[in-house]
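Notes follow the structure.
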Amino acid sequence: LRWMRIKVKGLGPIAEGEVELGDLTVFFGPPNSGKSTLLRAIYYSLFPPVPGNVEGNSVDLGALRLEYSVEGNNYSFRLFPSLSYLKSLLPEGEVHAEPSFVKFVEENALFDRFEGKASVGTLFLPSGCEGVQALKEVEYSVEVSGKSGRVGLRLSLDSVKPECRGPLLLELARTVMPDVGKRIVGKFMERFSEHLRGTEGFSEAVFIPYFRSLVTYELLTTGVTIGGGGRSSAAQIVSPHFLDLIFTLISLAGVVSKVKDLETYLVRLAGVKSINERVYGIVKPLIPGEVKALDGRLVYEEGGKAIPWNLVSASITEAMSLLLSVGENQLVLYEEPESQLYEGLQVLMALTLYALSSFNRLVITTHSQTILYTLAYVSFARPSAEEVKRLLDSLGVKGGEGLARAVEEANRSRVRFYYFHGGKVEEKRDEEIIDGIPDVVEIMRREFDWLSEVYWRRKLGAGNKG
């Protein structure tokens, strides 16, 4: 297996940086240093969105642009791979990832034939062409040869006035060509996923964004059915009022660029078919009760009593975000896993992430010293299941045997740490972190000196008054 590499230059706050992923990769450093930016660059380099917007005689397919023309009663098209889609998802800058979906499409040709059917919406035709407005769908056949191809419509135009045929074909193209383009991207993505499975050890990526608990809470409290599937947009899953609220909150937080992250996450969670039992056995110490599926809906119980999801703690919702997101043989990109967790649970979260790296690849961003130092010590010490179990017992954790065993199994994992600061991205060894990152240690020293000074002033002042 290989290790994914990504190089960036002038990307947001990162002047220049290069990262090679491990089984578990930890991005740490001060706020606004580029950690989340690089996390999203990794995700969208591998799995770009596919908007399907028509602009003139071209279709925006994210990593591909499809340009088409009308030839008789058919269409011809050409495909142009491009990284320009990243401009709407990331700050201005250079991104070079290996592997990447765009590079895979550039280096591989597609030869295929397939058929399809597209629904026809409102047709905007010249006056006198109203007779074809009753058309509701159109069947088509496609032949792809490399980066070009042809689309044939299974549509008789004999009854259509000659002067209406050209405008009709142009209007139908606005429906047919995005459908064709998305099918072609899907076929490239299938092959790219197989390529990733063979070279990187994963075939899909999961992005778990910072505002995830809002989405998880909405899905759990509204009772979205596990295994529902068939929904490809946020609007098909939750109410428009919820989407408006989310957009408003994110806008107020000044991170509008993350709206796409949340929409992607929402669609993914709504398509979950089942909870992975192997993952549940590892995540279980983060959830004091039991999670069960009842008639396709998730139910939470403590002490044999069902507790509505709107009454469970924020930390449980956070753990559910992880449980519903992760499976096996995935690349998991997790933004600030410490969110909603107090110190003891942050220790458990660090152990959980380490354990999951035995059958997934994970990349996390964190501001938590607890998570950072726990992972550094575990990476260095490679503790046995018995040693981990002693820690869990001291923390009062029940049912931690599965997590303890999984941590020991993960001791073969390659853990890498990258320190983001001052426009730089520096790799740090686990021992360097254990010894203390100079900038972090200096801040803590200054804080301790100040606290000690204030404390003794108050203490001595109180004594003099006595």
Side-chain angles (χ1 to χ4, degrees), residues 2-22 25-51 53 60-65 79-108 185 188-189 191-193 195-196 199-200 202-210 255-265 330-336 361-366 416-427:
R2 298 188 303 192
W3 305 96
M4 181 178 180
R5 291 174 176 266
I6 185 164
K7 296 174 65 176
V8 298
K9 187 174 183 179
L11 184 68
I14 305 174
E16 191 168 4
E18 181 175 356
V19 165
E20 182 180 86
L21 302 187
T25 307
V26 182
F27 294 167
F28 69 99
N32 196 35
S33 56
K35 302 182 298 297
S36 293
T37 298
L38 192 55
L39 198 71
R40 300 212 305 279
I42 293 170
Y43 179 75
Y44 289 117
S45 293
L46 294 171
F47 297 95
V50 188
N53 302 322
D60 176 12
L61 298 166
L64 290 172
R65 188 179 77 258
L79 299 167
F80 298 91
S82 172
L83 285 170
S84 61
Y85 73 95
L86 289 174
K87 293 180 180 179
S88 65
L89 299 166
L90 300 171
E92 193 72 28
E94 297 179 20
V95 178
H96 302 282
E98 176 58 44
S100 75
F101 180 67
V102 167
K103 187 173 182 180
F104 179 83
V105 173
E106 288 174 341
E107 297 177 349
N108 292 271
V185 171
F188 269 117
M189 186 56 73
R191 299 185 181 193
F192 182 54
S193 295
H195 170 74
L196 290 176
T199 61
E200 303 291 327
F202 61 84
S203 58
E204 63 172 331
V206 181
F207 189 95
I208 309 178
Y210 179 74
V255 285
V256 178
S257 61
K258 297 192 177 184
V259 171
K260 186 61 184 178
D261 303 342
L262 268 186
E263 183 178 1
T264 301
Y265 179 69
Q330 297 173 328
L331 172 64
V332 180
L333 303 151
Y334 200 173
E335 195 172 21
E336 297 186 37
R361 288 194 180 176
L362 292 90
V363 186
I364 71 165
T365 68
T366 185
R416 308 189 76 159
F417 299 88
Y418 289 92
Y419 181 33
F420 289 63
H421 66 112
K424 299 181 293 184
V425 180
E426 294 182 302
E427 184 170 10

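- Within the 4.5 Å cutoff, side-chain heavy atoms of L46 are placed close to those of P99.
- Side-chain contact between I14 and F420 is present, with heavy atoms from C-beta onward closer than 4.5 Å.
- Closest approach of A63 to P48, counting heavy atoms only: CB-CG, 3.7 Å.
- Here the CZ-CG distance, from R191 to L196, works out to 14.5 Å after rounding to the nearest 0.5 Å.
- Salt bridge present: E20 and R5 bring a charged side-chain N and a carboxylate O closer than 4.0 Å.
- A cation-pi arrangement is found for R65 relative to F80, the charged atom lying closer than 6.0 Å to the ring centre and inside a 45° cone about the ring normal.
- The distance from the OG atom of S45 to the CG atom of L38 is 9.0 Å, given to the nearest 0.5 Å.
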Which is it for F28 and Y419 under the side chain to side chain contact (heavy atoms under 4.5 Å, CB included) test, yes or no, and what are the steps along the way?
CA-CA 5 Å; F28 69 99; Y419 181 33; 3.4 Å; yes
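- Scanning both residues, V332 and I208, for their nearest heavy atoms gives CG1-CD1, 3.8 Å.
- Atom CD1 of residue I6 and atom OG of residue S100 lie 9.0 Å apart, to the nearest 0.5 angstrom.
- Proximity of D60 to V50: side-chain heavy atoms (C-beta onward) are nowhere separated by under 4.5 Å.
- The nearest pair of heavy atoms linking M4 to A97 is CE-CB, 4.0 Å.
- For E200 and H195, the side-chain atoms include no donor-acceptor pair closer than 3.5 Å.
- L61 is not listed as a side-chain neighbour of P51, based on a closest heavy-atom distance of 4.5 Å or more.
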Please assess K424 against E16 for the test side chain to side chain contact (heavy atoms under 4.5 Å, CB included), listing each intermediate value before the final yes or no.
CA-CA 6 Å; K424 299 181 293 184; E16 191 168 4; over 6 Å; no
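- A donor atom on one side chain and an acceptor atom on the other are found under 3.5 Å apart for E335 and S36.
- When every heavy atom of V102 is checked against every heavy atom of S82, the shortest pair comes out as CG2-O, 3.5 Å.
- By the 4.5 Å heavy-atom criterion applied to side chains, L331 and V363 are counted as neighbours.
- Side-chain contact between K7 and V19 is absent, with no heavy atoms from C-beta onward closer than 4.5 Å.
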Could you go through H421 and E426, starting from their C-alpha distance and side-chain angles, then the distance that decides it, and tell me whether this counts as side chain to side chain contact (heavy atoms under 4.5 Å, CB included)?
CA-CA 8 Å; H421 66 112; E426 294 182 302; 2.6 Å; yes
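- Contact between S33 and P13 at its shortest, heavy atoms only, is C-CG, 3.6 Å.
- The backbone N or O of L11 sits nowhere less than 3.5 Å from a side-chain atom of E94 that would complete a donor-acceptor pair.
- Scored by the ring pair (Phe, Tyr, Trp, His ring centres under 6.0 Å) test, F192 finds F101, F104 as partners (sequence neighbours excluded).
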Decide yes or no on side chain to side chain contact (heavy atoms under 4.5 Å, CB included) for H96 and K9, but give the supporting numbers first.
CA-CA 9 Å; H96 302 282; K9 187 174 183 179; over 6 Å; no
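- Screening L39, L333, T25 for a side chain to side chain contact (heavy atoms under 4.5 Å, CB included) involving T365 leaves a single residue, L39.
- A distance of 11.5 Å separates NZ of K103 from CG of N108, quoted to the nearest 0.5 Å.
- The only member of V185, L64, L79 that meets side chain to side chain contact (heavy atoms under 4.5 Å, CB included) when paired with V105 is L64.
- Contact record, Y44 with P49: CD2-CD, 3.8 Å, taken as the closest heavy-atom pair.
- Formation of a donor-acceptor pair under 3.5 Å by the K35 side chain with backbone atoms of P30 is found in this model.
- Interatomic distance, L362 CG to Y334 OH, rounded to the nearest 0.5 Å: 10.0 Å.
- Using a 4.5 Å heavy-atom threshold, the side chains of Q330 and R361 count as separate.
- Looking at Y265 and F207, their side chains never come closer than 4.5 Å, going by heavy atoms from C-beta outward.
- In this structure, Y43 and F47 have tilted ring planes: the angle between them lies in the 30° to 60° band.
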